[in-house]
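Reminder, nothing fancy here: chain letters follow the sequence lines and each chain counts from 1. Quick note: numbers below take in every heavy atom, side chains included, and nothing from hydrogens, waters or symmetry partners.
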There are 2 protein chains.
Amino acid sequence: MARKSVSQVLSALERVGGFASAQELYQSMQRGGGKIGLTTVYRSLQTLVEEETVDLLRREDGEAIYRLCGEAHHHHLICKKCGRTVEIEGGAIENWAKRIASVHGFRDVGHTAEIFGTCSRC
Amino acid sequence: MARKSVSQVLSALERVGGFASAQELYQSMQRGGGKIGLTTVYRSLQTLVEEETVDLLRREDGEAIYRLCGEAHHHHLICKKCGRTVEIEGGAIENWAKRIASVHGFRDVGHTAEIFGTCSRC
DNA sequence: AGTGGAAATGACAATCATTTTCATATTCGA
DNA sequence: TCGAATATGAAAATGATTGTCATTTCCACT
């Protein structure tokens, strides 16, 4: 149960836009003059996830990324060619996910969704 | 561009029920008397993912799991605890993806969507 | 059948995120 | 203030995945 370090990590997360990996957070805090250790960053993130202050997601390569809860949940539209991404409101998806999950008796449900294609510029 | 190893890996995947990590596949093949190397298992899986014969998903700890995918386009409902998966018809999603893509001028669109939670048994 | 070169293979080392270990530092209540 | 409980972080361990490179297999063409 860290206390100080947890809030340090939390504000670092806010500073970077509420979306980063443990390693990125660590580096960001180092650059900012912080004296926190990598181990503590991991431990603090674990605490934050347990108390449901942040969400734990996964990048495509499996690296863990942490997101502040309460951030608007959204999805991405990604261009296969140039990598341009557009953030999308996902109301329809949320409902779909909830409905499917409850039909099959699943609880504590989350979801991922991405659309990819070729954008008008490419 | 393997050929033999790729099909070996493929049938190993079938044998285990079309759902396993690279390490598990490797061990399973070893036990079955196969002489394939771990490196080659990884390469073959990569090939299979590229040619879209198998899906690449992630377990909760970030480990990659590979899954045979039939031609029918569908989505998955995955249990975080036991890994049980349910295939889902995705009509609603297809429309959502198409609509969003066209609004933003994207062509050749594909998408991914997964729902994960805790199943009734866990 | 023989050969030359490209592609495939696998043992091993390297990488990278994450976790453990363990010794030290800090906190907090009595 | 003393001491136990907890927090911290450096370094080592772990485990999946990827890179390296020497060897082997495969083929097309003699």
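Spacing between atom NZ of B/K4 and atom P of C/dT9 amounts to 8 Å, rounded to whole angstrom units. We find that CG of A/L45 is positioned 16 Å from C1' of D/dA7, with the value rounded to whole Å.
Proximity of residues 25-36 of chain A to DNA chain D (heavy atom under 4.0 angstrom from any strand atom) is restricted to A/K35, A/I36.
The hydrophobic clustering, which links ILVMFWY residues whose side-chain heavy atoms are closer than 4.5 Å, places B/V103 and B/I93 apart.
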Is there any protein nitrogen or oxygen under 3.5 Å from a nitrogen or oxygen in nucleotides 17-21 of chain C, and what are the pairs?
| unit_1 | atom_1 | unit_2 | atom_2 | d |
| --- | --- | --- | --- | --- |
| C/dT18 | OP1 | A/A64 | N | 2.8 |
| C/dT18 | OP2 | A/Y42 | OH | 2.7 |
| C/dT18 | O5' | A/Y42 | OH | 3.3 |

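Residues forming a side-chain contact (heavy atoms from CB on, under 4.5 Å) with A/E63 (at least two apart in sequence, or on another chain): A/S21, A/Q23, A/R59, A/D61. Every side-chain contact (heavy atoms from CB on, under 4.5 Å) that A/I36 has, sequence neighbours left out, goes to A/S5, A/Q8, A/V9, A/M29, A/T40, A/V41. A search for side-chain contact (heavy atoms from CB on, under 4.5 Å) contacts involving A/E51 returns A/T47, A/L48, A/T53, not counting sequence neighbours. With sequence neighbours excluded, the residues that form a side-chain contact (heavy atoms from CB on, under 4.5 Å) with B/S11 are B/E14, B/R15. A/H111 is linked by a ring pair (Phe, Tyr, Trp, His ring centres under 6.0 Å) to A/H73, A/H75, counting only residues two or more places apart in sequence or in another chain.
For A/T40, no side-chain nitrogen or oxygen approaches OP1 or OP2 of D/dT8 to under 4.0 Å.
Looking at A/D55 and A/R67, a side-chain N of the basic residue comes within less than 4.0 Å of a carboxylate O on the acidic one, giving a salt bridge.
Looking only at side-chain heavy atoms (C-beta outward), B/Y66 and B/L56 come within less than 4.5 Å of each other.
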